[in-house]
Each structure stands twice: as structure tokens, then as C-alpha cells.
**Q** 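Mind having a look at this structure? Questions to follow.
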Amino acid sequence: MSSRPALPHGLRLDARKTAPLQHPLHAAPAPHVAVIALDQGSGEAAEPTVAAGTRVGIGTPIARAVGEAAANLHSPVAGVVVEVATRATVAGVGRCILVENDATDARDPALVPVDWRTLDGVALLHRLRDAGVAGLGGAAFPAAGKLALARASAVAHLVLNGAECEPWICCDDALMREHAADVVLGGQVMLAACGATRCTIAIEDDKPEAAAAIAAAIATAQDDRFELVELPAIYPLGAERQLIEAVTGREVPHDALPPAIGVVCQNVGTAAAVARFVGTGEPVVSRIVTVTGSGVACPGNLEVRIGTPIAELIAACGGYQDDPARLIVGGAMTGQSLSSDLVPTTKGVNCIVAATLADLAIRDPEMPCIRCGDCASACPARLLPQQLHRAAQADDRDALARLGLADCIECGCCDYVCPSQIPLTARFHAARLRMRLHDAERQRAAEARERFERHERRLAEQAEAERLAFEAARRRARGAGPT
Amino acid sequence: MPAMQFQVVAPPYVIAGFTVPRVMFQVLLALVPFAVVHVWLFGPAVLLQLGVAAGSALGCEALALRLRGRPVPQFLRDGSVLVTAALLAVSVPPLLPWWLTAFGTAVAVLLGKHAYGGLGQNPFNPAMVGYAVLLVSFPVEMTRWPVPGPEWDAVTGATALDALRTGLAQSYTMQEILADPAFGRVGAAGGEWLNLAALLGGIYLLLRRVIRWQIPLAMLAGLALPAAVMHAIDPGAHAGALFHLASGATMLGAFFIATDPVSAATSDRGRLYFGAGIGGLTWIIRSWGGYPDGVAFAVLLMNLAVPLLDRYTVPRIHGHRGR
């Protein structure tokens, strides 16, 4: 165990994690009808490989990933596929596969444990891709994709992210307390898959039980490639680039990914999912979700099947209480607010908060910026939010690019401290969207101009060729003119 | 199962709860020691000045907001004009005629703040705009300070910085000048206590994180360093660093005036240059300029430099190579 120096910026936040952690981790009841969204939040929507009427067991593949940024999907329940239909999802509206649960919980007989020590790295990556292992920290990017890039970049250092810095979320804390051995085993498998030679498990220092469990697991595994690092509980130390800087002391260049400096980062939940896969052959069909907030009767951490409607999950936690005002997927700083609780969980849903008005901050009306600079002191990307705000108000794209709007990680720190109650994060999100649309339009315009110029050149060449042919024909005709 | 419906809002869902009125209230609270010492030295006149300035400020602010079509109660409640009024009221001589105080405050609020767009838009420190206009337009009334002391009297006398300037001009040595009753133990008589009170208030603001250390420290260093150097080179012609730190509006300027966030530089490095510039200019004006105390003009001059400082002190963004 060792400590590292703190981030110069960031905030110390009230964690709000005690209530769900009072109860041990337990399994949520399986949904009556599993609603598996084809768009799990990363990349394009997957293509279904089953149709209505197909009988599936737990772990049967039901959708194939399209493109590099999405992962395969497998059935979380045993039963019959009802239909592939459009339903409300976390992303808004999207196609989903609905599987009716026949309550047998029968596993697909084709699932077998993986003898990962005998496989080479590339073969291991193939198996992980087939298993649909996605980043369970919230992004849901395929783990195999990240590890493959790491292998290609000859990465030496694997960092397992157990920081969990955002208030309300404590699923990783619960996972590490009860399944620390899985995290270490998953780390070993990942090391074999990507070819790295050392692994750092990073935890914030407000999780002493989890840290002790991980330390014990490392000692039991007797693998000296592993080390545990405790970091100060500063938000957003769990953001990938900030975490890598805190652990290694080096910054990831803004225009590159972590493998460029020899590091790859994975969530501890992803590592545990990898361990479960090699141990039982079961692909990612469930994950730990924190259910919390003053609006739910029994907050806790539950093992939840992918595709469980949030309403059923809340009911399994004792139902609503005290008239919750908001339903939030995620944490207090970057979570997404939902309009309906019929939305099903995905691989990226790590926390569900039924928040009453007491949980939330009510903002005063927005005042003009008084240039106090607190936002710049808090910004973990070391930007100047007040300058960005001025540029965004003026829609000055050059200034926005120069001040680094593209580097904003939308963590919410600037909002949190602003005395003028300016909704900075929402403004920057809108400005980034506008910039992306503007850049896409400029790209299309440039391509159209190139096409036009090529067309003009071709027409000119054609006209030139015709003129030469005409001249040649005229010379021939004159040469052989009437004598 | 019937669905629960919820309202959708944008993150983040928690905030620190700092508000503009709270920041302004902290500044006013930190001014209390200064005001108390002021009353002890010069009598209760400063309280009348505070009242007149506050009334004039609120009235002008309400008028300007109404003219600009802004919500009057919301902006009046933010307390920023009260800070402007308070700083002006404690900076002017306590026996200044009330209508001059009211006029100066009106200039500060209308010309120094609302002419540029109101809260958050003024490039100049409003209190200093008001003070400078008064000083230039009514030099006699603005330099008529009563003699400080536990006995309140309307007899006026030279301040320490006045005495220093005229004494040097008349070629007295520093020892002879310092014997003047206008001088106290380390700085100006009475003035040194005011500066101590302002320092205590400033430390309170630093501890409560209302202001940051860059501007005050840089200003005090920018004032003390040239003073110390020139005093070492030529002690007969220049006062030392401690004298400058304990006289005039030094501490009030460092912790309350120069730290006005709206008219100061934005980045931390920019603030260091900003503060150092104010300190250096204050020393230059005090030593060689036409006015006994230079804080007000130094602040206004550095306000002019802020856009340049902002442009060239953008900090290195995480993940970018050095600029």
C-alpha cells in the first residue's frame, strides 16, 4: 500500500454512501420480462441474432456487436424471446429484445469455463470479445477492444480503477469488499490478454474495508505484479485521465489515448466480470447496481440482471417513499435524469437514485459571472470555465477551441462551486454539441467542394480532349482538302 | 405496473451553496474591525458616511436596474453595491461633506458599474472609479484628514504620507521627518492601526476562502520589495518597506480593493502579475507621483492591463504540452 500526492484541483464532496453499504450485497429478483436494449450506450446498436419464439438460456448470445465500439449481448434470463421492439431506454428510445422469464434460471449448456492460462493473449482477447465484456465503470466500451489496443501499443502498466469518487455510487465498494479475489483474478487474466507486466489497483482512502479486502486478496494470490494504491478521496480522481496522472504521475496527451503513455485503465467491476467469465463461462449478463436516495425505502447494492426495468428494481428495494422528485441513473455530479421508471438497466447503469427534494440542491436564479475564479481552481482539466462561459455566450468558436472546450470532461466541478449559480456544465455540453455539429457540417461542405472541383476538372479535361480531337479532324480535313 | 413519472433536469444535482450575497456579506463582515478602529481614531463620522454611501448606492442601483429593465429586487439583494459603498465610505476622509460622498458613490455605481453592463461586466473597480473622480475633482476636501487620536477633534492635519512627501520635497532627512507627530511606531500614526485591522479582516477572508492569496501577497510584495531595495540604497530619501505596508490604504487595498474579482485578472498567474503591478505602481506613485497615496490609481491602471494579462496567462490545460 502506498499513497500518492493529491490532485491540485477537484473537490471534496459529501459521499452519501453509508446507507446502501449498511446491507450486504444481495441478488435482485430476476425481471419478469427482460428488456435488453440493443444500444447499451457505447457505439452503434447491436444486431439481434434471435427472433420471436427463440428459446434461450442464461448466457445465450442474442445480439452481435456492430463496429468496434459496441459489445455482444447475451440473454440475462432463461425463457422465450417475445419480440424485438422499440421501448424507452436510458438513451431515450431504442430497439430492445424482450425475453420472457420462465423462472427456471437455466444456464445455456454451451457455457464452459475458460482455461485462460493455456490460451495466448490474442485468443484470450477473442474469448473476451465474444463474452461481451464491456466497461462496467459506466462507459460500456468493449474491454477486449481496449485491451487489444493496449497489446498493440505494448502497454506495460494496467490500472484497475476502484476509485469510485462520485457521490451516491458505491457498487465498486461493495464488489471489492465481497469479491476482492475476483478482482485480482480478473486483473491477472487482463495482464495475460494485453501483455502488461504490472497491475495497480487504485482505491480512494474513504474505503478502508475495500482496501483491506483487496490487500488480502493480493497477498493470497502471491502475485508480485500487483500493488494497491490508496488515493485521497477527491472528486473526480476516478476519471480515467485524472486517475492515470495520480497513479503514474504522467498526463495522457489530450489528443491520444492512455496506451500512448504505456497505460491501460479498466474498472474493477470489469475485472470481476472477466474473472466470472473464465471461471464459469458466463458472459456479462448481470452487474452490481447501487440503489439509493431518500426516495427509496431500503437502499442497497444489488446484483442486477441486465434488462431489469428500474421500476421492478425499486420495488425489490422496498418501493418508493417520501415522494421522490427525480430518478437519476449515475452519480450526483454526472448522472442522467430519467423521466420514467420503466427504463431497463444496461451494462452501463451502475447506480439508480430516487432523489427527494432534500437530496438535491435547489439553485438560486442565475446571476452574472463575477469572475471569482473558483471554477478554475476546481477544474480537474485545468481549464478556465469563466472564460469558456464568456466565449460560449458569444458563440466565439475560435476562443472556445483555444481555451480547450474539447478537453472538458463535464465533471460538474465548476457548477458545484459557482456563487452565481450558473449552470456551466449544461452550457459547455451544449457548446460542445454545437461545435461538433459545426465541424461535421464544415467537413461535409469541404467534401462537397472537393467533389465539385473534381467534377469541374473532369468536365474541363473532357472539353479539352474534344477540342483537340476537333482540331485534329479539321487539320486532317484541310490537309486532304479539295485539290 | 403503473410507471412513475419524473421531471428531467441537467446534472450536477448537488452544489456547494455559495451565493453572491454570501460572498458580499463575508466581505462586509471582514470590514467591521476596520470600521471599529476608524471610529476609535476619527469619531463616528465614518458611520454617517457609510449610511450616506449605502443609501446613495442602493438608490442609484435601483434606478439603473429599472432603466435597464432588469429585475430590481433580485439584483439589489446581492449586496455588491453595499460593498462598493462601504469601501468608498471608509476610504474618503471622515469629514467629507455628505453630498460629495453621495456623488462619489453615484459615480461609482452608475459610471463604474452600470455603464459597462452591471454586475460582472465592469472592467474597473467601481469604488476606485468613484474615489478617483472625487480626488481629481475635489482635491482639497478629499485631502483634509483630521488628526487621528483617542480625542476626536475636527482639527485637520497632514497624514503621514503627506508629511513624508512634503518633508522630502523640502530636503529634510528621514530622521527629521519621522519625528513629526503624524508618524506612529512603524507607520502612520493611527494609520498603522487601520492597516492592522484591515490585515486581520483580510486574513479572515483568506481563511474563509472568499479571496485567494495571489493578489494580496503579490501586491504587498510588489510594494515592499522596491521600498526595501530603495531604502537600503538611499535610506535618507526613501521610507522602508514596513512603513509603506503600515501606512495609507495598503492593507485595505491588498485585501479588499484589489481583490474585487470582476475587475481583476482571471488565472492564478495573471493574479500574481496583477497584484505585483498594483504594489509596484503604488510605490512609484507614492515616491515620485503627484498624490500622497497611490493605491486607487494603481488599481485603476492595472485594471486596464487585465485583458492583456488574461490573454497571455492562460494556464496549461491537462494533457497539453507547455504553451
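Naming: A, B, ... by sequence-line order, numbering from 1 per chain.
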**Q** Under a 4.5 Å heavy-atom cutoff, which of A:Ile328, A:Leu11, A:Asp359 has the most pairs with chain B?
**A**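 Ranked by heavy-atom pairs under 4.5 Å with chain B, first place is A:Ile328.
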
**Q** Can you check whether A:His9 reaches B:His318 side chain to side chain, under 4.5 Å on heavy atoms?
**A**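 A:His9 vs B:His318: side chains apart.
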
**Q** With a 4.5 angstrom heavy-atom cut-off, which part of A:Ala325 approaches chain B: side chain, backbone, both or neither?
**A**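 It is the backbone, since no side chain atom gets that close.
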
**Q** Does A:Leu338 form a side-chain contact (heavy atoms from CB on, under 4.5 Å) with B:Phe6? I'd like the steps, not just the answer.
**A** CA-CA 7 Å; A:Leu338 297 177; B:Phe6 300 89; 6.0 Å; no

**Q** With a 4.5 angstrom heavy-atom cut-off, is it the side chain or the backbone of A:Gln387 that approaches chain B, or both, or neither?
**A**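 Only the side chain of A:Gln387 comes within 4.5 Å of chain B.
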
**Q** Going from CD on B:Gln5 to CG on A:Leu327, what distance comes out if it is rounded to the nearest 0.5 angstrom?
**A**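 If I round to the nearest 0.5 Å, the distance is 10.5 Å.
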
**Q** So which part of A:Leu13 gets closer than 4.5 Å to some heavy atom of chain B, the side chain, the backbone, both or neither?
**A**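 Neither part.
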
**Q** Nearest 0.5 Å please: distance from the CG atom of B:Asp310 over to the CZ atom of A:Arg371.
**A** 5.5 Å

**Q** What part of A:Leu360 lies closer than 4.5 angstrom to a heavy atom of chain B: side chain, backbone, both or neither?
**A**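 The answer is both parts of A:Leu360.
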
**Q** Would the number of heavy atoms belonging to other residues, nucleotides or ligands and lying under 6.0 Å from CZ of B:Arg68 be above 12?
**A**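 Yes - once you tally the heavy atoms of other residues, nucleotides and ligands closer than 6.0 Å, there are more than 12.
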
**Q** Which pair of non-hydrogen atoms, one from B:Leu119 and one from A:Pro368, has the smallest distance, and what is that distance?
**A** O-CB, 3.2 Å

**Q** How long is the straight-line distance from CD of A:Gln386 back to OG of B:Ser267, given to the nearest 0.5 Å?
**A**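 Spacing of OG (B:Ser267) from CD (A:Gln386) equals 9.0 Å.
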
**Q** Between A:Arg250 and chain B, with a heavy-atom cut-off of 4.5 Å, which part of the residue counts as in contact: side chain, backbone, both or neither?
**A** neither

**Q** At a 4.5 Å cut-off on heavy atoms, which part of A:Pro324 comes close to chain B: side chain, backbone, both, or neither?
**A**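 A:Pro324 touches chain B through backbone and side-chain heavy atoms alike.
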
**Q** Nearest 0.5 angstrom please: A:Ile370 CD1 to B:Asp78 CG, how far?
**A**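 Rounded to the nearest 0.5 Å, the CD1-CG separation comes out at 9.0 Å.
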
**Q** Would you mind checking which part of A:Cys418 comes under 4.5 Å of any heavy atom in chain B, side chain (CB onward), backbone (N, CA, C, O), both or neither?
**A** backbone

**Q** Could you tell me whether the side chain of A:Cys372 reaches within less than 4.5 Å of the side chain of B:Val23, counting heavy atoms only?
**A** no

**Q** Taking the basic N atoms (NZ, or NE/NH1/NH2) and the acidic carboxylate oxygens, is any pair closer than 4.0 Å for B:Arg212 and A:Asp374?
**A** yes

**Q** Can you check whether A:Pro419 reaches B:Thr19 side chain to side chain, under 4.5 Å on heavy atoms?
**A** no

**Q** Just how far is it from atom OG1 of A:Thr334 to atom OH of B:Tyr13, taken to the nearest 0.5 Å?
**A**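 The OH atom of B:Tyr13 is 8.5 Å from OG1 of A:Thr334, to the nearest 0.5 Å.
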
**Q** For B:Arg22, is it the side chain, the backbone, both or neither that has a heavy atom under 4.5 Å from a heavy atom of chain A?
**A** neither

**Q** What's the spacing between A:Gln421 CD and B:Ile15 CD1 if we round to 0.5 Å?
**A**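 One gets 4.0 Å once the value is rounded to the nearest 0.5 Å.
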
**Q** Heavy-atom count around A:Glu100 CD within 6.0 Å, excluding the residue itself: above 12?
**A** no

**Q** Ignoring hydrogens and angles, state whether a donor on the side chain of A:Asp407 or B:His320 is under 3.5 Å from an acceptor on the partner side chain.
**A**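 Checked: A:Asp407/B:His320 side chains pair up, N/O donor to acceptor below 3.5 Å.
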
**Q** Measuring only between side-chain heavy atoms, which start at C-beta, is A:Ser420 closer than 4.5 Å to B:Phe18?
**A**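 A:Ser420 vs B:Phe18: side chains apart.
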
